[in-house]
Amino acid sequence: MKSEPDAFGIDDLVRVKVEPWTGVRNYQARNFMRDQMRVGDRVLFYHSNATPPGVAGLARVARTGVVDATQFDPASPYYDPASRPDEPRWICVDVELERKLPRLVALDELRASPALAGMLVLARGQRLSVQPVEAAHYKAIVAMAGRAPVAAAPAPAAKRGRSSAR
DNA sequence: GCCAACGTTGGC
DNA sequence: GCCAACGTTGGC
């Protein structure tokens, strides 16, 4: 689950312990929360739009079927005037802190790890703020957080633009 | 700030 | 139902 740390980061979750995951306004992301998640499911807390972006902590699903209250709040940026209280459109989950990781596992490390090849969050153009994670990938990231970061791979050669060869 | 990717909106 | 315009996400 992604969040921008400027808005709500792992330290906020450390402070409040449990947080309703409000503000998701993408149907696919909502469907993962509404239809796939179960109480007790493990969560990777990912910092997006951060420097650097990466996995900052672990959490778990504490409650499902949570009505996102911001959809009915005209003052909220997530207000949805088309959603009706008797048939709420935006359903989320309560996310409870498991623990903050001993260090942030940065996106470039995730990309460099062979164990994470094929992980959804690394796919090109992947923007969903809520997405499934394979158990093996979850475990690999927890293990990475317990080790020192691997040195960054050398920068790839120019990836676009015209060639200046010869 | 740029921009690729992609979701949503709305005219037709 | 098509699809162009537009808005958002999120890395860089």
Side-chain angles (χ1 to χ4, degrees), chain A residues 1-14 19-37 41-59 61 66-85 87-95 97 100-101 103-134 137-138 140-142 144-145 149-164:
Chain A
M1 302 180 86
K2 302 180 187 175
S3 183
E4 303 192 9
D6 287 349
F8 187 89
I10 189 66
D11 290 331
D12 295 299
L13 190 60
V14 167
E19 177 76 3
W21 208 258
T22 59
V24 171
R25 292 296 179 268
N26 171 285
Y27 289 107
Q28 215 181 333
R30 177 206 65 183
N31 292 349
F32 282 129
M33 290 194 287
R34 189 190 61 182
D35 306 332
Q36 305 294 130
M37 287 187 177
D41 282 355
R42 300 308 180 103
V43 172
L44 295 174
F45 192 117
Y46 179 92
H47 281 177
S48 62
N49 262 323
T51 310
V55 178
L58 307 179
V61 175
V66 176
V67 175
D68 181 339
T70 64
Q71 68 194 304
F72 302 122
D73 176 6
S76 168
Y78 304 113
Y79 179 54
D80 181 355
S83 182
R84 297 172 27 181
E87 202 175 341
R89 174 178 297 179
W90 303 107
I91 302 296
C92 63
V93 299
D94 280 356
V95 171
L97 178 72
K100 180 177 177 177
L101 287 174
R103 67 180 185 84
L104 182 119
V105 183
L107 177 59
D108 57 2
E109 271 187 82
L110 302 181
R111 289 197 196 287
S113 167
L116 301 180
M119 191 179 178
L120 214 53
V121 77
L122 305 179
R124 219 166 86 96
Q126 211 312 119
R127 299 183 313 170
L128 276 184
S129 64
V130 178
Q131 55 184 259
V133 171
E134 290 177 27
H137 292 162
Y138 178 99
I141 290 170
V142 173
M144 288 166 77
V150 175
K159 47 189 178 183
R160 82 169 77 87
R162 79 200 48 148
S163 165
S164 58

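Below, chains carry the letters A, B, ... as their sequence lines are ordered, and counting in each starts from 1.
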At under 4.0 Å, does any side-chain N or O of A:Y46 touch on OP1 or OP2 of C:dG11?
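For A:Y46, the contact criterion (side-chain N or O under 4.0 Å from OP1 or OP2 of C:dG11) is met.
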Using a cut-off of less than 4.0 Å, is there contact between a side-chain N or O of A:K2 and OP1 or OP2 of C:dT9?
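Answer no for this pair, as no side-chain N or O of A:K2 is under 4.0 Å from OP1 or OP2.
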At their closest point, which heavy atom of A:S113 faces which heavy atom of A:M144, and how far apart are they?
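Minimum heavy-atom contact is CB-CE, 3.9 Å.
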If every non-hydrogen atom of A:D73 is compared with every non-hydrogen atom of A:Y79, which pair is closest and at what distance?
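What the structure gives for the nearest pair is O-CB, 3.1 Å.
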[X] [atom1] to [N] [atom2], straight-line distance once rounded to whole Å:
X: A:Y27; N: B:dT9; atom1: OH; atom2: C1'; result: 12 Å
X: A:D108; N: C:dG11; atom1: CG; atom2: C1'; result: 11 Å
X: A:L107; N: C:dG10; atom1: CG; atom2: P; result: 12 Å
X: A:Q126; N: C:dT9; atom1: CD; atom2: P; result: 14 Å
X: A:Q131; N: C:dT9; atom1: CD; atom2: C1'; result: 12 Å
X: A:Q28; N: B:dC6; atom1: CD; atom2: P; result: 11 Å
X: A:N26; N: C:dG7; atom1: CG; atom2: P; result: 18 Å

Less than 4.0 angstrom from a charged side-chain N to a carboxylate O is my criterion; do A:D68 and A:R34 meet it?
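So A:D68 does not pair with A:R34 through a salt bridge.
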Under 4.0 Å between a Lys/Arg side-chain N and an Asp/Glu carboxylate O for A:R89 and A:D80?
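Judged by the 4.0 Å cut-off on N to carboxylate O distance, A:R89 and A:D80 do form a salt bridge.
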Under a 3.5 Å threshold, yes or no: a donor from one side chain and an acceptor from the other, between A:R25 and A:T70?
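A:R25 vs A:T70: donor-acceptor pair found between side chains.
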Between A:W21 and A:F45, does the ring centre distance come in under 6.0 Å?
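Close enough - the centres of the two rings lie under 6.0 Å apart.
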Is any N or O donor-acceptor pair between the side chain of A:R127 and the base of C:dT8 shorter than 3.5 Å?
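Indeed there is one.
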Only stems of 3 or more consecutive Watson-Crick or G-U pairs count here, both distances under 3.5 Å; name the ones for DNA chain C, or none.
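Stems (3+ consecutive pairs) listed as B:1-12 with C:1-12.
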